[in-house]
Amino acid sequence: MNKKVQEVLDSAESIGSVKASPFFKEGVMRQIHNVSNEKELVLWSWFTPKLQLVTLTCVIVLNIVAYTKLKEITYNENVNSFAESYGLLENNESSILN
């Protein structure tokens, strides 16, 4: 057993430094950067131009409907309903207690 342990220790001493290409780091960094860009593209890939057009159309239609409904209700009705909601209208009716 001592012989095997000594052989392992001797083999560890013979390990030398590895010679790497000077451009190895740049290649690895480029691959990492490309992977991160692909993940960002995947995030927004579901929002295609066709879906964007449909969404824009729906927003425009909803705005037109809301605008026409707003024009149907007059300003005075809106003010009166607001005043009634918050109790701001003066009551002109005479009361028994007054």
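Just the heavy atoms: all of them, side chains too, but no hydrogens, waters or symmetry mates, feed the values below.
For the pair Met29/Lys25, a side-chain contact is recorded, criterion being any heavy-atom separation below 4.5 Å from C-beta on.
Distance check: Ile15 CD1 to Glu13 CD gives 10.0 Å after rounding to the nearest 0.5 Å. Taken from CG in Leu56 to CG in Leu51, the straight-line distance is 11.5 Å, to the nearest 0.5 Å. Remark: Arg30 CZ to Phe23 CZ distance equals 10.0 Å, nearest 0.5 Å.
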(request) Mind running side chain to side chain donor-acceptor pair (under 3.5 Å) on Asn80 and Glu84 for me, showing each step along the way? (result) CA-CA 6 Å; Asn80 285 337; Glu84 286 175 11; over 6 Å; no

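For the residue pair Gln6 and Asp10, a side-chain donor N or O sits within less than 3.5 Å of a side-chain acceptor on the partner.
For the pairing with Asn63, the side chain to side chain contact (heavy atoms under 4.5 Å, CB included) check across Val61, Ile60, Val59, Val65 returns one residue only, Val59.
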